[in-house]
Amino acid sequence: MKAYRASLLWFAPHSEGPVQALYEEDGMLVVGPDAKGLQVVQAIGPWREVSGRYAHVPVEDLRGRIIAPGFVDLHVHFPQTNVIGSPASGLLPWLENYTFPEEKRFASIEHGAEGAQFFVDELLRNGVTTALAFATSHTASVNALFAEAQARSMRMITGLCLMDRHAPADLLNQQSAGGHVDATLQSLMDSEALIHHWHGKDRLGYAITPRFAPTSTDAQLRGAGELAARYSDVWIQSHVAENKDEIAWARELFPQSRSYLATYADFGLMRERAVYAHCIHFDDDDRALMRDTGSSAAISPTSNLFLGSGFFDYEGADRVGFGYGLASDVGGGTSFSPFHTMLAAYYVGREGQTKPGLSLSPQHLWWQHTAGAGQVLGVKNEAGQSIVGNLLPGCEADFVVLNPKATPLLARKTALASNLDELLFSMIVLGDDRLVERTVISQGPSA
Ligand code: GUN
Ligand code: ZN
(Lines give C-alpha, C1' and ligand atoms only; values in the text may rest on other atoms or scores of the structure.)
(Ligands and ions follow the chains in the order given, each with its own letter.)
Protein backbone atom coordinates (compact mmCIF):
# COMPACT_ATOMS: atom_id res chain seq x y z
CA MET A 1 0.00 0.00 0.00
CA LYS A 2 1.04 3.58 -0.56
CA ALA A 3 -0.43 6.91 0.47
CA TYR A 4 -0.20 10.45 -0.84
CA ARG A 5 -0.75 13.70 1.01
CA ALA A 6 -1.94 16.36 -1.41
CA SER A 7 -4.97 18.37 -2.41
CA LEU A 8 -7.47 15.93 -3.87
CA LEU A 9 -10.13 16.24 -6.55
CA TRP A 10 -12.66 13.51 -7.29
CA PHE A 11 -16.40 13.09 -7.94
CA ALA A 12 -19.42 11.96 -5.94
CA PRO A 13 -21.17 8.90 -7.42
CA HIS A 14 -23.40 10.17 -10.19
CA SER A 15 -26.54 8.85 -11.77
CA GLU A 16 -29.21 11.54 -11.74
CA GLY A 17 -28.97 15.18 -10.71
CA PRO A 18 -26.10 17.61 -10.88
CA VAL A 19 -22.48 16.55 -11.08
CA GLN A 20 -20.68 17.12 -7.82
CA ALA A 21 -16.93 17.49 -7.57
CA LEU A 22 -15.35 16.74 -4.20
CA TYR A 23 -12.25 18.59 -3.10
CA GLU A 24 -10.02 18.25 -0.10
CA GLU A 25 -7.36 20.92 0.36
CA ASP A 26 -5.31 18.75 2.74
CA GLY A 27 -6.18 15.23 1.69
CA MET A 28 -4.94 11.69 1.85
CA LEU A 29 -5.21 9.12 -0.92
CA VAL A 30 -4.40 5.51 -0.08
CA VAL A 31 -3.87 2.98 -2.87
CA GLY A 32 -3.26 -0.73 -2.60
CA PRO A 33 -3.93 -4.01 -4.36
CA ASP A 34 -7.40 -5.45 -4.83
CA ALA A 35 -8.10 -9.19 -4.86
CA LYS A 36 -6.55 -9.44 -8.36
CA GLY A 37 -3.46 -7.47 -7.45
CA LEU A 38 -4.50 -4.35 -9.33
CA GLN A 39 -3.80 -1.10 -7.51
CA VAL A 40 -7.10 0.48 -6.49
CA VAL A 41 -8.12 3.31 -4.22
CA GLN A 42 -8.40 2.07 -0.64
CA ALA A 43 -9.32 5.36 0.97
CA ILE A 44 -9.69 9.03 0.10
CA GLY A 45 -10.58 11.99 2.28
CA PRO A 46 -9.29 14.61 4.67
CA TRP A 47 -5.79 14.00 6.00
CA ARG A 48 -6.98 14.47 9.57
CA GLU A 49 -9.51 11.63 9.20
CA VAL A 50 -7.77 9.11 6.96
CA SER A 51 -4.20 9.31 8.26
CA GLY A 52 -5.09 7.79 11.65
CA ARG A 53 -6.60 4.72 10.02
CA TYR A 54 -3.60 4.18 7.74
CA ALA A 55 -0.78 5.19 10.09
CA HIS A 56 1.31 2.18 9.00
CA VAL A 57 1.28 3.11 5.29
CA PRO A 58 4.23 5.06 3.83
CA VAL A 59 3.20 8.51 2.67
CA GLU A 60 4.57 10.62 -0.16
CA ASP A 61 4.20 14.28 0.70
CA LEU A 62 2.83 16.17 -2.28
CA ARG A 63 1.43 19.18 -0.51
CA GLY A 64 1.06 22.06 -2.96
CA ARG A 65 0.04 19.60 -5.67
CA ILE A 66 -3.43 18.41 -6.71
CA ILE A 67 -4.15 14.74 -7.28
CA ALA A 68 -7.07 14.18 -9.66
CA PRO A 69 -8.42 11.21 -11.63
CA GLY A 70 -6.51 10.31 -14.79
CA PHE A 71 -8.29 11.64 -17.85
CA VAL A 72 -10.34 9.40 -20.13
CA ASP A 73 -10.18 10.14 -23.87
CA LEU A 74 -13.32 8.64 -25.36
CA HIS A 75 -12.30 8.97 -29.00
CA VAL A 76 -8.85 9.36 -30.47
CA HIS A 77 -7.06 8.02 -33.56
CA PHE A 78 -3.64 6.61 -32.78
CA PRO A 79 -2.54 6.69 -36.45
CA GLN A 80 -3.46 10.36 -36.81
CA THR A 81 -0.81 11.97 -34.65
CA ASN A 82 0.87 13.31 -37.80
CA VAL A 83 -2.45 14.58 -39.14
CA ILE A 84 -3.00 17.21 -36.41
CA GLY A 85 -3.37 20.66 -37.91
CA SER A 86 -4.12 19.60 -41.49
CA PRO A 87 -6.54 22.17 -42.87
CA ALA A 88 -9.40 21.25 -45.17
CA SER A 89 -12.73 22.69 -46.21
CA GLY A 90 -14.46 19.93 -44.26
CA LEU A 91 -14.38 16.33 -43.09
CA LEU A 92 -14.49 14.47 -46.42
CA PRO A 93 -11.64 16.33 -48.17
CA TRP A 94 -9.65 16.16 -44.93
CA LEU A 95 -10.02 12.39 -44.93
CA GLU A 96 -9.05 12.06 -48.56
CA ASN A 97 -6.13 14.49 -48.68
CA TYR A 98 -4.46 14.00 -45.32
CA THR A 99 -5.87 11.20 -43.22
CA PHE A 100 -6.08 8.27 -45.62
CA PRO A 101 -2.54 8.88 -46.98
CA GLU A 102 -1.12 8.89 -43.44
CA GLU A 103 -3.10 5.83 -42.35
CA LYS A 104 -1.75 3.89 -45.35
CA ARG A 105 1.70 4.12 -43.78
CA PHE A 106 0.55 1.85 -40.95
CA ALA A 107 0.82 -1.14 -43.26
CA SER A 108 4.43 -0.99 -42.05
CA ILE A 109 4.97 -2.78 -38.74
CA GLU A 110 7.81 -0.37 -37.88
CA HIS A 111 5.69 2.71 -38.53
CA GLY A 112 2.92 1.25 -36.36
CA ALA A 113 5.23 0.38 -33.49
CA GLU A 114 6.91 3.79 -33.50
CA GLY A 115 3.54 5.52 -33.81
CA ALA A 116 2.09 3.53 -30.92
CA GLN A 117 5.00 4.36 -28.66
CA PHE A 118 4.80 8.06 -29.41
CA PHE A 119 1.03 8.05 -29.02
CA VAL A 120 1.03 6.35 -25.62
CA ASP A 121 3.85 8.62 -24.42
CA GLU A 122 1.84 11.62 -25.50
CA LEU A 123 -1.35 10.44 -23.79
CA LEU A 124 0.50 9.85 -20.52
CA ARG A 125 2.41 13.13 -20.71
CA ASN A 126 -0.94 14.87 -20.97
CA GLY A 127 -2.51 12.94 -18.09
CA VAL A 128 -4.68 10.60 -20.16
CA THR A 129 -4.73 7.17 -18.54
CA THR A 130 -7.57 5.51 -20.47
CA ALA A 131 -8.42 5.78 -24.15
CA LEU A 132 -10.94 4.42 -26.62
CA ALA A 133 -8.86 4.62 -29.76
CA PHE A 134 -9.12 3.94 -33.47
CA ALA A 135 -6.32 1.99 -35.12
CA THR A 136 -6.13 1.55 -38.92
CA SER A 137 -7.47 -1.17 -41.18
CA HIS A 138 -4.20 -3.11 -40.72
CA THR A 139 -4.18 -5.76 -37.98
CA ALA A 140 -0.53 -4.87 -37.31
CA SER A 141 -1.62 -1.44 -36.10
CA VAL A 142 -4.03 -2.97 -33.60
CA ASN A 143 -1.37 -5.32 -32.29
CA ALA A 144 1.10 -2.44 -32.03
CA LEU A 145 -1.17 -0.30 -29.89
CA PHE A 146 -2.31 -3.14 -27.64
CA ALA A 147 1.29 -4.25 -27.08
CA GLU A 148 2.44 -0.74 -26.24
CA ALA A 149 -0.43 -0.12 -23.82
CA GLN A 150 0.06 -3.51 -22.19
CA ALA A 151 3.72 -2.72 -21.57
CA ARG A 152 2.60 0.36 -19.57
CA SER A 153 -0.30 -1.44 -17.79
CA MET A 154 -2.59 1.09 -19.38
CA ARG A 155 -6.32 0.75 -19.85
CA MET A 156 -6.65 0.87 -23.62
CA ILE A 157 -9.54 -0.07 -25.88
CA THR A 158 -9.02 -0.29 -29.63
CA GLY A 159 -9.92 -2.37 -32.66
CA LEU A 160 -9.42 -3.05 -36.33
CA CYS A 161 -10.86 -0.28 -38.50
CA LEU A 162 -13.50 -1.87 -40.72
CA MET A 163 -13.57 -0.34 -44.17
CA ASP A 164 -14.49 -2.39 -47.22
CA ARG A 165 -15.48 0.36 -49.69
CA HIS A 166 -15.15 4.07 -50.53
CA ALA A 167 -11.54 4.46 -49.46
CA PRO A 168 -8.23 4.03 -51.32
CA ALA A 169 -7.78 0.41 -52.39
CA ASP A 170 -4.68 -0.14 -50.28
CA LEU A 171 -6.43 1.14 -47.16
CA LEU A 172 -9.45 -1.13 -47.46
CA ASN A 173 -9.51 -4.37 -45.46
CA GLN A 174 -7.64 -6.93 -47.54
CA GLN A 175 -8.55 -10.37 -48.86
CA SER A 176 -6.84 -13.34 -47.29
CA ALA A 177 -3.53 -14.32 -48.81
CA GLY A 178 -4.41 -16.58 -51.72
CA GLY A 179 -7.82 -14.92 -52.02
CA HIS A 180 -9.86 -17.76 -50.51
CA VAL A 181 -11.78 -15.41 -48.25
CA ASP A 182 -13.12 -12.06 -49.43
CA ALA A 183 -12.02 -8.84 -47.74
CA THR A 184 -15.27 -8.32 -45.87
CA LEU A 185 -15.35 -11.75 -44.31
CA GLN A 186 -11.62 -11.56 -43.62
CA SER A 187 -12.05 -8.26 -41.73
CA LEU A 188 -14.67 -9.87 -39.51
CA MET A 189 -12.56 -12.97 -38.95
CA ASP A 190 -9.58 -10.75 -38.11
CA SER A 191 -11.72 -8.77 -35.65
CA GLU A 192 -12.83 -11.97 -33.95
CA ALA A 193 -9.27 -13.28 -33.74
CA LEU A 194 -8.16 -9.97 -32.20
CA ILE A 195 -10.98 -10.20 -29.65
CA HIS A 196 -9.73 -13.64 -28.64
CA HIS A 197 -6.16 -12.47 -28.48
CA TRP A 198 -6.52 -9.17 -26.61
CA HIS A 199 -9.93 -8.54 -25.08
CA GLY A 200 -9.85 -8.74 -21.28
CA LYS A 201 -6.12 -9.37 -21.20
CA ASP A 202 -4.65 -7.20 -18.42
CA ARG A 203 -6.38 -3.85 -18.85
CA LEU A 204 -7.02 -4.10 -22.58
CA GLY A 205 -10.39 -4.16 -24.28
CA TYR A 206 -11.52 -4.70 -27.85
CA ALA A 207 -13.80 -2.35 -29.78
CA ILE A 208 -15.60 -3.42 -32.96
CA THR A 209 -14.72 -0.47 -35.16
CA PRO A 210 -16.61 0.26 -38.38
CA ARG A 211 -15.01 3.57 -39.42
CA PHE A 212 -18.38 5.07 -40.35
CA ALA A 213 -21.31 3.71 -42.30
CA PRO A 214 -20.25 5.13 -45.71
CA THR A 215 -17.03 3.09 -45.80
CA SER A 216 -18.69 -0.25 -45.02
CA THR A 217 -20.93 -2.43 -47.14
CA ASP A 218 -24.18 -3.75 -45.72
CA ALA A 219 -22.47 -7.12 -45.34
CA GLN A 220 -19.67 -5.66 -43.24
CA LEU A 221 -22.02 -3.72 -40.96
CA ARG A 222 -24.23 -6.79 -40.59
CA GLY A 223 -21.23 -8.92 -39.70
CA ALA A 224 -20.02 -6.31 -37.22
CA GLY A 225 -23.46 -6.31 -35.59
CA GLU A 226 -23.39 -10.09 -35.35
CA LEU A 227 -20.00 -9.94 -33.66
CA ALA A 228 -21.35 -7.29 -31.26
CA ALA A 229 -24.22 -9.61 -30.33
CA ARG A 230 -21.92 -12.58 -29.82
CA TYR A 231 -19.37 -10.64 -27.76
CA SER A 232 -21.63 -8.50 -25.63
CA ASP A 233 -18.88 -7.12 -23.41
CA VAL A 234 -16.68 -5.77 -26.20
CA TRP A 235 -17.05 -2.14 -27.14
CA ILE A 236 -18.32 -0.66 -30.40
CA GLN A 237 -16.96 2.62 -31.77
CA SER A 238 -17.74 4.60 -34.88
CA HIS A 239 -18.53 8.11 -36.15
CA VAL A 240 -21.94 9.63 -36.75
CA ALA A 241 -23.63 12.89 -37.71
CA GLU A 242 -20.45 14.94 -37.75
CA ASN A 243 -20.72 16.83 -41.00
CA LYS A 244 -23.56 17.75 -43.36
CA ASP A 245 -21.90 16.25 -46.49
CA GLU A 246 -21.15 13.05 -44.62
CA ILE A 247 -24.77 12.80 -43.50
CA ALA A 248 -26.10 13.33 -47.04
CA TRP A 249 -23.76 10.58 -48.27
CA ALA A 250 -24.82 8.16 -45.53
CA ARG A 251 -28.49 8.83 -46.26
CA GLU A 252 -27.91 8.11 -49.95
CA LEU A 253 -26.17 4.82 -49.18
CA PHE A 254 -28.63 3.62 -46.53
CA PRO A 255 -31.98 5.14 -47.56
CA GLN A 256 -33.97 2.42 -45.81
CA SER A 257 -32.92 3.60 -42.34
CA ARG A 258 -34.81 6.40 -40.61
CA SER A 259 -31.67 8.46 -40.11
CA TYR A 260 -27.90 8.15 -40.35
CA LEU A 261 -27.72 7.11 -36.70
CA ALA A 262 -30.55 4.60 -37.14
CA THR A 263 -28.42 2.83 -39.78
CA TYR A 264 -26.20 1.61 -36.95
CA ALA A 265 -29.18 0.44 -34.92
CA ASP A 266 -30.55 -1.39 -37.96
CA PHE A 267 -27.32 -3.39 -38.15
CA GLY A 268 -27.25 -4.21 -34.43
CA LEU A 269 -24.53 -1.71 -33.59
CA MET A 270 -26.24 0.27 -30.85
CA ARG A 271 -26.14 -0.99 -27.31
CA GLU A 272 -24.35 -0.34 -24.05
CA ARG A 273 -20.61 0.09 -24.63
CA ALA A 274 -21.30 1.58 -28.07
CA VAL A 275 -19.61 4.97 -28.32
CA TYR A 276 -20.32 7.23 -31.29
CA ALA A 277 -18.06 10.15 -32.02
CA HIS A 278 -19.55 13.61 -32.67
CA CYS A 279 -23.38 13.12 -32.61
CA ILE A 280 -23.82 16.73 -33.70
CA HIS A 281 -26.63 16.85 -36.23
CA PHE A 282 -29.27 14.87 -34.34
CA ASP A 283 -33.02 15.20 -33.98
CA ASP A 284 -34.89 14.12 -30.86
CA ASP A 285 -35.63 10.69 -32.34
CA ASP A 286 -31.89 10.14 -32.69
CA ARG A 287 -31.35 11.28 -29.12
CA ALA A 288 -34.04 8.90 -27.92
CA LEU A 289 -32.39 6.09 -29.88
CA MET A 290 -29.10 6.82 -28.11
CA ARG A 291 -30.86 6.78 -24.75
CA ASP A 292 -33.01 3.71 -25.38
CA THR A 293 -30.11 1.61 -26.66
CA GLY A 294 -27.71 2.72 -23.91
CA SER A 295 -25.29 4.11 -26.51
CA SER A 296 -23.12 7.14 -25.73
CA ALA A 297 -21.52 10.11 -27.46
CA ALA A 298 -17.84 11.04 -27.59
CA ILE A 299 -17.90 14.83 -27.81
CA SER A 300 -14.89 16.13 -29.71
CA PRO A 301 -14.99 19.93 -29.55
CA THR A 302 -11.50 20.83 -30.81
CA SER A 303 -12.09 18.62 -33.85
CA ASN A 304 -15.55 20.01 -34.48
CA LEU A 305 -14.26 23.58 -34.30
CA PHE A 306 -11.17 22.83 -36.42
CA LEU A 307 -13.04 21.01 -39.21
CA GLY A 308 -16.06 23.34 -39.02
CA SER A 309 -18.35 20.40 -38.36
CA GLY A 310 -20.78 22.02 -35.93
CA PHE A 311 -21.53 21.94 -32.21
CA PHE A 312 -22.66 19.19 -29.90
CA ASP A 313 -26.07 20.09 -28.45
CA TYR A 314 -25.71 19.68 -24.69
CA GLU A 315 -29.19 20.88 -23.95
CA GLY A 316 -30.69 18.29 -26.30
CA ALA A 317 -28.59 15.48 -24.87
CA ASP A 318 -29.54 16.33 -21.28
CA ARG A 319 -33.21 16.90 -22.07
CA VAL A 320 -33.58 13.49 -23.70
CA GLY A 321 -30.97 11.90 -21.48
CA PHE A 322 -28.15 9.93 -23.07
CA GLY A 323 -24.58 9.42 -21.92
CA TYR A 324 -21.59 11.38 -23.14
CA GLY A 325 -18.02 12.32 -22.36
CA LEU A 326 -15.15 14.26 -23.88
CA ALA A 327 -12.64 13.21 -26.49
CA SER A 328 -9.67 14.72 -28.31
CA ASP A 329 -10.40 13.13 -31.72
CA VAL A 330 -6.76 13.64 -32.65
CA GLY A 331 -5.94 14.21 -35.57
CA GLY A 332 -9.22 16.03 -36.47
CA GLY A 333 -8.80 17.32 -32.94
CA THR A 334 -5.98 19.75 -32.38
CA SER A 335 -4.54 18.64 -29.05
CA PHE A 336 -3.86 15.68 -26.80
CA SER A 337 -4.36 17.94 -23.80
CA PRO A 338 -7.59 17.37 -21.86
CA PHE A 339 -7.33 21.01 -20.73
CA HIS A 340 -7.56 22.21 -24.32
CA THR A 341 -10.50 19.87 -24.92
CA MET A 342 -12.36 21.04 -21.81
CA LEU A 343 -11.84 24.67 -22.81
CA ALA A 344 -13.13 23.99 -26.33
CA ALA A 345 -16.17 22.26 -24.80
CA TYR A 346 -16.78 25.37 -22.75
CA TYR A 347 -16.77 27.49 -25.92
CA VAL A 348 -19.19 25.07 -27.56
CA GLY A 349 -21.45 25.25 -24.50
CA ARG A 350 -21.42 29.05 -24.63
CA GLU A 351 -21.76 29.79 -28.31
CA GLY A 352 -22.77 26.63 -30.12
CA GLN A 353 -26.14 25.88 -28.61
CA THR A 354 -29.56 26.01 -30.20
CA LYS A 355 -30.78 27.41 -26.89
CA PRO A 356 -28.23 30.13 -26.14
CA GLY A 357 -26.90 31.02 -22.73
CA LEU A 358 -25.84 27.58 -21.56
CA SER A 359 -22.68 27.78 -19.53
CA LEU A 360 -21.01 24.52 -18.62
CA SER A 361 -19.54 24.62 -15.14
CA PRO A 362 -15.87 23.77 -14.66
CA GLN A 363 -16.90 20.83 -12.48
CA HIS A 364 -19.09 19.48 -15.24
CA LEU A 365 -16.38 19.96 -17.87
CA TRP A 366 -13.84 18.11 -15.73
CA TRP A 367 -16.37 15.34 -15.01
CA GLN A 368 -17.02 14.90 -18.73
CA HIS A 369 -13.35 14.07 -19.21
CA THR A 370 -12.96 11.81 -16.13
CA ALA A 371 -15.77 10.17 -14.16
CA GLY A 372 -18.42 10.92 -16.80
CA ALA A 373 -16.34 9.42 -19.58
CA GLY A 374 -15.51 6.47 -17.34
CA GLN A 375 -19.21 5.88 -16.77
CA VAL A 376 -19.70 5.76 -20.55
CA LEU A 377 -17.14 2.96 -20.84
CA GLY A 378 -19.04 0.91 -18.28
CA VAL A 379 -16.11 -0.82 -16.58
CA LYS A 380 -17.58 -1.87 -13.25
CA ASN A 381 -16.67 -3.86 -10.17
CA GLU A 382 -18.85 -6.59 -8.65
CA ALA A 383 -20.87 -3.99 -6.78
CA GLY A 384 -21.78 -2.36 -10.11
CA GLN A 385 -19.64 0.71 -9.44
CA SER A 386 -17.76 2.35 -12.33
CA ILE A 387 -14.06 2.01 -11.57
CA VAL A 388 -12.53 4.19 -14.29
CA GLY A 389 -12.11 7.96 -14.25
CA ASN A 390 -12.69 8.57 -10.56
CA LEU A 391 -10.95 8.11 -7.22
CA LEU A 392 -13.75 6.74 -5.09
CA PRO A 393 -12.71 3.72 -2.98
CA GLY A 394 -12.55 0.69 -5.30
CA CYS A 395 -11.64 2.71 -8.39
CA GLU A 396 -8.53 1.77 -10.34
CA ALA A 397 -5.66 3.92 -9.11
CA ASP A 398 -5.01 5.93 -12.28
CA PHE A 399 -4.34 9.54 -11.42
CA VAL A 400 -2.50 12.73 -12.27
CA VAL A 401 -0.42 14.95 -10.04
CA LEU A 402 -1.04 18.55 -11.09
CA ASN A 403 1.24 21.42 -10.23
CA PRO A 404 -0.92 24.54 -10.09
CA LYS A 405 2.26 26.64 -10.08
CA ALA A 406 3.59 25.06 -13.28
CA THR A 407 3.82 28.39 -15.11
CA PRO A 408 4.07 31.95 -13.77
CA LEU A 409 0.58 32.76 -15.00
CA LEU A 410 -0.93 29.56 -13.55
CA ALA A 411 0.75 30.28 -10.21
CA ARG A 412 -0.53 33.83 -10.20
CA LYS A 413 -4.06 32.93 -11.22
CA THR A 414 -4.62 29.78 -9.15
CA ALA A 415 -3.38 31.61 -6.04
CA LEU A 416 -6.28 34.03 -6.48
CA ALA A 417 -8.94 31.31 -6.58
CA SER A 418 -11.39 31.69 -3.71
CA ASN A 419 -13.45 28.58 -4.43
CA LEU A 420 -13.27 25.28 -6.30
CA ASP A 421 -14.93 26.55 -9.47
CA GLU A 422 -12.42 29.37 -9.79
CA LEU A 423 -9.52 26.98 -9.22
CA LEU A 424 -10.77 24.48 -11.81
CA PHE A 425 -11.53 27.20 -14.33
CA SER A 426 -8.01 28.63 -13.99
CA MET A 427 -6.56 25.24 -14.84
CA ILE A 428 -9.01 24.55 -17.69
CA VAL A 429 -8.29 27.91 -19.31
CA LEU A 430 -4.53 28.10 -18.70
CA GLY A 431 -3.55 24.43 -18.45
CA ASP A 432 -1.74 22.10 -20.80
CA ASP A 433 0.85 19.35 -20.47
CA ARG A 434 3.00 21.58 -18.24
CA LEU A 435 0.35 21.34 -15.53
CA VAL A 436 0.69 17.53 -15.43
CA GLU A 437 3.69 16.87 -13.25
CA ARG A 438 3.23 13.12 -13.09
CA THR A 439 0.85 10.48 -14.42
CA VAL A 440 0.41 7.36 -12.31
CA ILE A 441 -1.26 4.31 -13.73
CA SER A 442 -2.54 1.44 -11.67
CA GLN A 443 0.10 -1.26 -11.12
CA GLY A 444 2.91 1.22 -11.30
CA PRO A 445 4.16 4.70 -12.10
CA SER A 446 4.86 5.87 -15.59
CA ALA A 447 5.70 8.95 -17.58
N1 GUN B 1 -15.31 10.06 -39.99
C2 GUN B 1 -14.78 8.96 -40.59
N3 GUN B 1 -13.47 8.85 -40.32
C4 GUN B 1 -13.16 9.89 -39.54
C5 GUN B 1 -11.93 10.31 -38.93
O6 GUN B 1 -10.86 9.71 -39.06
N7 GUN B 1 -12.01 11.45 -38.18
C8 GUN B 1 -13.16 12.14 -38.01
N9 GUN B 1 -13.16 13.24 -37.25
N10 GUN B 1 -14.32 11.77 -38.58
C11 GUN B 1 -14.30 10.66 -39.34
ZN1 ZN C 1 -12.67 10.33 -35.10
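FYI, side chains are in, hydrogens and waters are out, and symmetry mates aren't considered; it's all heavy atoms of this structure. All ligand and atom numbering here is 1-based and tracks the order in the structure. Keep in mind that this is a model prediction, so the values were computed, not measured.
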Could you verify whether a donor N or O on one side chain and an acceptor N or O on the other, from Tyr231 and Glu192, lie under 3.5 Å apart? yes
So the atoms of ligand 1 within less than 4.0 Å of a heavy atom of Phe212 turn out to be 1 (N), 2 (C)
Q. Judging by distance only, is a nitrogen or oxygen of Trp94 under 3.5 angstrom from one on ligand 1?
A. no
* Could you label the plane-to-plane angle of the His166 and Trp249 rings as parallel, tilted or perpendicular, counting under 30° as parallel and over 60° as perpendicular? => tilted
Next item on the list: Just say parallel, tilted or perpendicular for the rings of Tyr264 and Tyr276, cut-offs at 30° and 60°.
Entry: tilted
Check: Touching ligand 1 at all, His278? Heavy atoms, strictly under 4.0 Å?
Finding: yes
Atoms of ligand 1 under 4.0 Å from any heavy atom of Leu91, numbered from 1 in the order shown, are 8 (C), 10 (N), 11 (C)
Honestly, for Thr215 the part within reach of ligand 1 (heavy atoms, under 4.0 Å) is neither
At under 4.0 Å between heavy atoms, what of Glu242 touches ligand 1? The answer is side chain
Those residues at least two apart in sequence (or on a different chain) that pass ring-ring contact (aromatic ring centres under 6.0 Å, His included) with His197 are none
Taken in chain and number order and not counting sequence neighbours, the residues that satisfy ring-ring contact (aromatic ring centres under 6.0 Å, His included) with Tyr314 are Phe312, Tyr324
### Query
Above 12 or not: heavy atoms from other molecules or residues under 6.0 Å from NZ of Lys201?
yes
**Prompt:** Will you find, in the side chains of Asp398 and Ser442, an N or O donor that is under 3.5 Å from an N or O acceptor?
**Reply:** no
Note to self: Ring-plane angle category for His278 and His239, please: parallel below 30°, perpendicular beyond 60°, tilted otherwise.
What the structure shows: parallel
Query raised in the report: Would you say the side-chain atoms of Asp182 and Gln175 include a donor-acceptor pair closer than 3.5 Å?
Result: no
Ignoring waters, protein N/O/S atoms under 2.8 Å from the Zn ion (ligand 2) are His75 NE2, His77 NE2, His239 NE2, Asp329 OD1
Among non-hydrogen protein atoms, atom 3 (N) of ligand 1 lies closest to Arg211 NE, 2.8 Å
Heavy-atom proximity to atom 9 (N) of ligand 1, picking from Val330, Val83, Thr99, Asp329, points to Asp329
The salt bridge (Lys or Arg N to Asp or Glu O under 4.0 Å) partners of Asp433 (sequence neighbours excluded) come to Arg125
